[in-house]
Every structure is written in structure tokens, then in C-alpha cells.
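Following: one structure in C-alpha cells, then a few remarks.
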There are 2 protein chains.
Amino acid sequence: MTAHELAMSLRLAYLALHRRTDAVMAQAGITADQFVVLAALSEGMTLTQSELGERIGSDRNTVRAMLVLLERRGFVERTPQPLDRRARRVALTKEGRSTFRTLWRKSDTLRQELVTSLAPEQTATLVQLLRSLTASLSPADTPATSSP
Amino acid sequence: MTAHELAMSLRLAYLALHRRTDAVMAQAGITADQFVVLAALSEGMTLTQSELGERIGSDRNTVRAMLVLLERRGFVERTPQPLDRRARRVALTKEGRSTFRTLWRKSDTLRQELVTSLAPEQTATLVQLLRSLTASLSPADTPATSSP
DNA sequence: TATTGTTATACTCTATAACTATA
DNA sequence: TATAGTTATAGAGTATAACAATA
């Protein structure tokens with residue numbers, strides 16, 4: 001099994017999931033990526049835009065573009081962070097929370113489908129392997145690694 | 001381990017790989033997705049645009065857009081398929097093959113990095129799990145499945 | 001009738017670079 | 001000096017819909 005086959009299977013799995021997610025989220029006029037933002041914000045605490053970007057794997061410019069769209073729709077709000085006035089805390093609005101709950105419910109079948117062919121330990125294994133993959137690919141690795 | 005955590009780890013792994021691939025391919029002025037097209041075409045036989053789309057997980061309009069860009073660069077050529085004159089066979093040009101070989105070589109380190117933290121059986125397991133994931137998400141599953 | 005590919009069009013995500021303001 | 005976010009800009013990938021040619 002080659003690294004290239006791994007790359008391709010990763011691509012095909014991600015794109016399939018992304019399309020199916022898009023199809024569900026389109027009901028509310030948002031995209032799969034925007035749903036990822038809502039989901040990240042729904043997990044309790046508020047985040048700065050940078051922190052949000054780190055969580056969802058998008059850079060600050062991309063994050064801003066998505067937030068502007070979501071703000072326009074009334075799903076998120078950004079308030080100045082008192083402690084560090086360069087930063088802005090991002091949070092779901094009441095409407096954002098409500099919309100997210102609805103979309104979460106409507107995507108329930110999809111999440112079930114996703115793990116339907118996997119035993120519980122297989123899901124755990126898969127997540128673990130994917131995370132170690134992501135760690136291997138962190139940009140800081142690239143330069144000739146020499147640590148004493 | 002929840003389905004949502006699986007979805008997120010899949011997203012983060014794919015995006016990390018995509019970015020790293022983009023960085024390598026930028027040397028030749030192409031994108032990670034265009035490299036995927038070249039790789040698919042390099043595997044020997046020529047494909048129709050539809051077949052190509054199926055392999056790389058993109059729809060026919062997207063495929064066309066990418067092929068137009070690659071054709072403009074002189075990396076691929078499309079010739080009428082005699083047997084079915086609606087279709088067009090896509091193939092790498094000489095320059096396309098040469099460029100692909102160079103890029104393949106330059107992305108060697110990246111592929112090594114990708115599997116560096118994985119034992120060989122783990123890579124095989126991962127590919128197998130990802131494929132079964134993709135299969136679970138095939139769009140035909142969605143409607144209330146009732147087959148006699 | 002169904003399929004392959006094209007045309008026209010639009011939108012989101014993505015990224016770079018230069019900038020402001022805060023730290 | 002470095003960081004958080006913005007502005008301006010551009011490009012790629014994506015998708016939908018209507019269409020032509022062919023099967």
C-alpha cells in the first residue's frame with residue numbers, strides 16, 4: 001500500500017463527506033465549511049478568529065471571509081476582546097445556536113451513515129491514525145530537523 | 001469517539017495534505033488538484049473526462065475546468081474517441097509526462113512524511129477504513145433503501 | 001431517451017501582500 | 001518587533017442549468 005494510495009483514499013473520503021454535508025446544509029443556505037465553523041463555536045467557549053482558524057484548519061483570511069458571510073446571515077457575532085484589543089471573540093448568536101441545532105439534527109443520518117460500516121474500535125483507530133497523519137504533516141517538520 | 005470527531009479529523013488531515021501538496025506543486029505553477037489529475041492520467045491508459053472525474057472525485061464541469069487549464073499549459077491533450085464520438089480521451093502530453101515525473105520526484109519527501117509515523121500494516125488499515133468510509137457515503141445510499 | 005461534453009454563470013474558499021492597531 | 005485582524009485582489013474549484021451532438 002503506497003503513500004499515494006493513502007493520499008487518494010483520503011481525498012476521496014473527504015470529498016464524499018464534504019458533498020454529502022453540503023447537500024444537507026444547503027437546506028439552510030449555508031455551506032459545509034460554514035457548518036464546521038458553527039460546530040466549532042457551538043462547543044462552548046468563545047474563540048478568537050485565530051484560534052478558530054487553528055481548530056478548523058483554515059487561515060485567518062479564510063476565516064474572516066467565512067465569518068463575514070455568517071455575520072451577514074446573523075449566525076455569529078464578533079465582539080472586541082477586552083484583554084487583548086487586537087483580537088475579537090467570535091460567538092454564535094441566539095439564531096446561530098438555533099440554526100446549528102436544527103442542522104445538527106438534520107445531519108444526524110449522515111453521521112450515522114459515516115460510521116455505519118465501522119465497528120466502534122475501528123472508528124477510534126481511524127481517528128487516531130488520521131490525527132497522527134495530521135501531526136506528521138505539520139509545516140514545522142519540513143526543514144532539516146536537527147534537535148540536540 | 002463520535003462521528004463528528006471522525007469528520008473533523010478527516011477534514012484536518014485532508015487539508016493539511018492539500019496544503020503541503022500545493023506548496024510542492026507551486027514550483028511548477030500547478031495546484032494540488034491539478035497534480036491529482038496528472039497522477040490519474042499517468043497510470044497508463046487514457047480515460048474519458050467522465051471516467052477521470054469518477055477517479056478523482058470531481059464532477060464533469062470541474063474536470064473540464066481543470067483540463068482546460070492543463071491543456072493551456074500543454075500538459076494534457078484531448079482527442080475524440082472514435083468508438084463513442086460524444087466522448088473525448090484525455091492523455092498526458094510528452095511535456096505533461098515529463099513535468100509529472102519531476103513533480104513526483106519533488107513530492108517524494110512529502111509522501112515519506114505522510115507514512116513516516118505509520119507502520120506498514122497501519123497504512124493498509126487506514127486505506128481500507130477510508131475506502132469503506134467512501135463507500136458508505138456513496139450518494140445512492142441516501143433514499144430509503146428498499147430492494148426486493 | 002439518456003449520456004458526454006460544452007457554455008454561461010455564480011459563489012465560496014483560498015491565499016498573498018500591504019496595511020492598521022495593539023501588544 | 002511581533003501579533004490580530006482588515007483590506008484589496010486574484011484564482012481555483014465547485015456547482016447548476018440549458019444546450020448540442022451522439023448514442
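In what follows, chains carry the letters A, B, and so on, assigned in the order in which the sequence lines appear, proteins first and then strands, with residues in each chain numbered from 1.
- When rounded to the nearest whole Å, the span between CD of Glu51(A) and C1' of dT3(D) equals 13 Å.
- A sub-4.0 Å separation between OP1 or OP2 of dT6(D) and a side-chain N or O of Gln49(A) is present.
- Rounded to whole Å, the distance from CD on Gln81(B) to C1' on dA21(D) is 15 Å.
- Taking 4.0 angstrom as the limit, Arg85(A) places none of its side-chain polar atoms (N or O) nearer than this to OP1 or OP2 of dT20(C).
- At the heavy-atom level, Gln34(B) lies under 4.0 Å from the strands shown only through sugar-phosphate atoms.
- At the phosphate of dG5(C), OP1 or OP2 sits under 4.0 Å from a side-chain N or O atom of Ser50(B).
- Distance CG/Leu41(B) to CZ/Arg55(B): 9.5 Å, rounded to 0.5 Å.
- With hydrogens and angles ignored, no donor-acceptor pair under 3.5 angstrom links the side chain of Asp84(B) to the base of dA21(D).
- Atom CG in Leu67(B) sits about 15 Å away from atom C1' in dT14(D), given to the nearest Å.
- Arg89(B) comes within 4.0 angstrom of nothing in the nucleic acid, heavy atoms only.
- One interatomic measurement links the two molecules: CZ of Arg64(B) to P of dT16(D), which rounds to 17 Å at whole-angstrom precision.
- The base of dA17(C) sits within donor-acceptor range of the side chain of Asn61(A), with an N or O pair under 3.5 Å.
- Put simply, the side chain of Arg19(A) gets close to the backbone of Gly57(B): a donor and an acceptor are under 3.5 Å apart.
- With DNA chain C read from its 5' end, the first of the two nearest nucleotides for Arg19(B) and Thr48(B) is the one closest to Thr48(B).
- In terms of polar N and O atoms assigned as donor or acceptor, the side chain of Arg60(A) comes within less than 3.5 Å of the base of dG5(D) in a complementary pairing.
- In this structure, Arg88(A) reaches the sugar-phosphate backbone alone: every heavy-atom distance under 4.0 Å involves primed, P, OP1 or OP2 atoms, never a base.
- Residue Arg86(A) places no side-chain atom within donor-acceptor reach of the base of dG5(D), judged by atom type and a 3.5 Å distance cut-off alone.
- For the pair Leu70(B) CG and dA12(D) P, the computed distance is 10 Å after rounding to whole Å.
- Contact annotation for Ala87(B): backbone-only contact, meaning every heavy-atom pair under 4.0 Å involves sugar-phosphate atoms and none involves a base.
- Side chains of Arg78(A) and Gln49(A): a donor on one and an acceptor on the other come within 3.5 Å.
- One interatomic measurement links the two molecules: OH of Tyr14(A) to P of dC13(C), which rounds to 10 Å at whole-angstrom precision.
- Heavy atoms only, all atoms of each residue included: Thr46(B) and Arg89(B) are closest at OG1-NH1, 3.4 Å.
- Taking side-chain N and O atoms only, Ser58(B) has a distance below 4.0 Å to OP1 or OP2 of dT14(D).
- Atoms CE (Met25(B)) and P (dA15(C)) sit 16 Å apart, rounded to a whole Å.
- The pair Arg111(A)-Asp108(A) counts as a salt bridge, with a side-chain nitrogen and a carboxylate oxygen less than 4.0 angstrom apart.
- Using a 4.0 Å heavy-atom cutoff across all strands shown, Asp59(B) reaches at least one base atom of the nucleic acid.
- Taking the six-membered ring where the residue is Trp, Tyr14(B) and Tyr14(A) present parallel rings, their angle staying beneath 30° rather than reaching 60°.
- Thr62(B) comes within contact range of at least one nucleobase, with a heavy-atom separation under 4.0 Å.
- One interatomic measurement links the two molecules: CG of Leu83(A) to C1' of dA4(D), which rounds to 14 Å at whole-angstrom precision.
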